[in-house]
Amino acid sequence: MNKKEKIGKGALSFIFIMGIVSLFSDMTHEGARSVIGPFLSLTGASASTIGFVSGLGELCGYSLRLISGPLADRSGKYWTLVIVGYALQVLAVPLLALVPENGWLLASSLIILERSAKALKKPAKNSLVSFAASEIGTGKGFAYMEVLDQVGAFIGPVIIFLMSYFGGKGSELETYHRSFSILLIPALITVVLVIFAWRKYPHPEVFEKKSEKCEEKFQIKLPFVLFMVAISLFAFGFADFSILSLHSATKGLFPQSTISLLYALAMAVDAVAALVFGNLYDKIGLKSLVIATIISSFFPFFAFVSNKPWMVIMGIVLWGIGMGAEESIMKSAVASIVPKNMRSTGFGVFETVFGIAWFLGSWLLGVLYDSNITLMAVVSFVSQVLAIVLYLITIKAEKKNG
């Protein structure tokens, strides 16, 4: 095996290990997220409050990256931020089992803590993965990560379903408490695995070849700004799944015990979409995100306007396509634009704007859900159509600056 093959194999191995870390992490927090809407409702929160809390959580989960991103680049302590962030994130979830009746404030605080911890580790983690992904193809590398990530995001909600179905007698709130308690197991596995990854690959930056780009100073150029605005419009109109799960539960479209399976379905679709569109990104660039968003933009009409279960399921499938494509392509695009030595900063800036848009959109869509569901669906759709227009403008700007 020559040196190039050895480096490529090492890069792929590192991505696989970090993907397994993400698998158990997502098994933990996405398992909880699959029922956060109904759970918050049981603890006394309204739909608008759930939308606000979901949005605020995402705001913290993204805006704090404006601090953690530059911190990672300046300190070089990528692994410290990754390990501490993962530990706080996954251990916040089992603590939801301690939330009492009418304790929505405590539950909301833990949800926001989990999202904030994600912000602490995400830019550093994305940078570490980008170093290895550059060796095998950026889109492909992040797509592989996303697939493993979403396997965990699928298993987590299934665990919640099984706990709900076979969990024995008791109130719905007690069932949720037992479900959150069992998630302590994958949470602890996550912490052990991320420490193992650090010990095995303490310097993943060696995977990325040195180039002139690595020595460049990061500048916010027009294509970066346009793409940032476009993806923010997407985030603004993309309803958080907590609203989707709340709608399915309150309308009685599905048995309460099966709500988490809807999220499992979305995560399964997300995984396939990430793989398909991540590989497509390496071939046609941002056009792949245009295609995905055109497909997913109709999800609010299926998921919210119709009260037929099969149409809601179709809406969830479309939601999963949009989410999977966005999560893999967004990271790939930023990694391709930003120099290696400033990549955590680039991720931090980009994802902060994304998080603000997600927060404002989730809050507005939650308020509209309480007053006019049809209008909520229209606002969601129009926002995604505007995102498509900005993607196309970004592609033209890239060619002009190319």
Side-chain angles (χ1 to χ4, degrees), residues 58 62 126 130 133 137-143 146 213 218-239 269-270 272-303 315 317-339 343 346-347 349-362 364-365 376-402:
E58 294 303 322
Y62 284 101
N126 284 340
S130 73
T138 307
K140 186 185 297 182
F142 277 107
E146 184 65 17
K213 183 180 178 182
F218 172 48
Q219 296 178 341
I220 299 179
K221 298 180 180 180
L222 182 60
F224 184 85
V225 173
L226 289 172
F227 183 54
M228 190 160 54
V229 173
I231 205 74
S232 295
L233 283 168
F234 172 89
F236 183 87
F238 214 71
V269 175
D270 183 320
V272 175
L275 187 59
V276 171
F277 289 102
N279 278 277
L280 193 59
Y281 173 81
D282 285 334
K283 298 176 181 178
I284 63 174
L286 286 180
K287 291 179 183 178
S288 56
L289 194 53
V290 172
I291 296 170
T293 308
I294 290 173
I295 295 171
S296 67
S297 62
F298 294 95
F299 90 85
F301 298 114
F302 286 91
V317 169
L318 296 178
W319 187 93
I321 291 173
M323 184 59 69
E326 172 269 320
E327 288 182 336
S328 61
I329 294 174
M330 182 177 76
K331 297 170 188 174
S332 302
V334 175
S336 299
I337 294 171
V338 182
R343 201 163 288 162
F347 278 119
V349 171
F350 190 90
E351 292 173 342
T352 294
V353 176
F354 181 90
I356 292 171
W358 191 289
F359 164 64
L360 294 175
S362 293
L364 174 63
L365 294 177
M376 183 199 78
V378 170
V379 169
S380 174
F381 175 76
V382 170
S383 183
Q384 291 174 80
V385 170
L386 291 175
I388 294 170
V389 173
L390 263 293
Y391 291 147
L392 295 173
I393 295 174
T394 302
I395 293 170
K396 289 185 178 180
E398 277 188 322
K399 290 180 179 178
K400 187 175 180 180
N401 285 268

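Residues take their numbers from the sequence shown, with the count starting at 1.
- Residues Ala273 and Gly320 share a closest heavy-atom pair of CB-O, 4.2 Å.
- In summary, the aromatic rings of Tyr391 and Phe234 are positioned with their centroids too far apart to meet the 6.0 Å limit.
- Rounding to the nearest 0.5 Å gives a distance of 9.0 Å between CD of Glu326 and CG of Asp270.
- To the nearest 0.5 Å, atoms CD1 (Ile388) and OG1 (Thr293) are separated by 5.5 Å.
- Heavy atoms only, all atoms of each residue included: Ala292 and Ile321 are closest at O-CG2, 4.3 Å.
- Every residue two or more places apart in sequence or in another chain was checked for a ring pair (Phe, Tyr, Trp, His ring centres under 6.0 Å) with Phe277, and none qualifies.
- None of Ile231, Ile395, Leu392, Ile393 except one satisfies the side chain to side chain contact (heavy atoms under 4.5 Å, CB included) rule with Leu226; the exception is Ile393.
- To the nearest 0.5 Å, atoms OG1 (Thr394) and CE (Met228) are separated by 10.5 Å.
- Using the six-membered ring where Trp is involved, Phe354 and Trp358 have ring planes that are tilted, between 30° and 60° apart.
- The CG atom of Leu289 lies 10.0 Å from the CD1 atom of Ile284; values are rounded to the nearest 0.5 Å.
- Note that CG of Leu390 and CZ of Phe227 are 11.0 Å apart. Values are rounded to the nearest 0.5 Å.
- The backbone N or O of Leu233 sits less than 3.5 Å from a side-chain atom of Ser383, completing a donor-acceptor pair.
- Checked against ring pair (Phe, Tyr, Trp, His ring centres under 6.0 Å), Phe359 has the following partners two or more places apart in sequence or in another chain: Phe52, Trp363.
- Of the possible polar contacts, none joining the Ser380 side chain to the Met376 backbone as a donor-acceptor pair under 3.5 Å is found.
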Give the C-alpha distance, both sets of side-chain angles, the deciding distance and a yes or no for side chain to side chain contact (heavy atoms under 4.5 Å, CB included) between Val382 and Leu386. CA-CA 6 Å; Val382 170; Leu386 291 175; 4.2 Å; yes
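- Contact of the Asn279 side chain with the Leu275 side chain is registered, since non-hydrogen atoms from C-beta on lie closer than 4.5 Å.
- The two residues Val353 and Ser232 make their nearest non-hydrogen contact at CG1-OG, 3.3 Å.
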Criterion side chain to side chain contact (heavy atoms under 4.5 Å, CB included) on Phe299 and Val317, from CA distance to verdict: CA-CA 8 Å; Phe299 90 85; Val317 169; over 6 Å; no
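- The environment of Phe298 atom CZ is sparse: at most 12 non-hydrogen atoms of other residues, nucleotides or ligands sit within 6.0 angstrom.
- In this structure, CD1 in Ile329 is found 3.5 Å from OG in Ser288, a value given to the nearest 0.5 Å.
- Taking the ring centroids of Phe302 and Trp319, they lie at or beyond the 6.0 Å cut-off.
- Looking at every heavy atom in both residues, Gly237 comes nearest to Gln384 through O-NE2, 3.8 Å.
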